[in-house]
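What follows is a single structure, written as structure tokens, with notes after it.
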Amino acid sequence: MLRQRLDLRARRSRLEAAGSPEQEIALYEEAFAFLAARGWRQALIDCRGLDPDGVVTRLLRHLEQLRT
């Protein structure tokens, strides 16, 4: 799905142009594991299939849960 979205873009970021969607995902997973091993609190929020408003809604919901 990520590759399909990238194929539709007129312009890509430096990482997108030099790498691949699979490489980008692997880098995010590596960073997540690195920070988790050091005790950093993180959130893994799946935004697949969401439009920008849906992403914001999901993020705000997560932040609200942190407050309680």
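This chain uses plain numbering: 1 for the first residue, then up along the sequence.
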Handout entry: Hydrophobic cluster (4.5 angstrom, side-chain heavy atoms) - remaining members for F32
Key = L44
Problem - With E64 via side-chain hydrogen bond (donor to acceptor under 3.5 Å, both in side chains) - residues at least two apart - result: R67
Exercise for the section: Using side-chain contact (heavy atoms from CB on, under 4.5 Å) as the criterion, list what pairs up with V55, not counting sequence neighbours. Expected result: C47, L50, L59
Fill in the blank from the handout: Members sharing F34's hydrophobic cluster, built from side-chain contacts under 4.5 Å between Ile, Leu, Val, Met, Phe, Trp and Tyr, are L35, W40
Practice task
Return the set of residues passing side-chain contact (heavy atoms from CB on, under 4.5 Å) with E30 (not counting sequence neighbours), or none when no residue passes.
Solution key: L27
Practice task
Mind checking side-chain contact (heavy atoms from CB on, under 4.5 Å) for A26 and listing every partner two or more places apart, or none if nothing turns up?
Solution key: none
Problem - salt bridge (Lys or Arg N to Asp or Glu O under 4.0 Å): pairs with one or both residues in residues 31-46, sequence neighbours excluded - result: D46-R48
Completion exercise
Correct closest heavy-atom pair for H62 and A43 would be NE2-CB, 3.1 Å
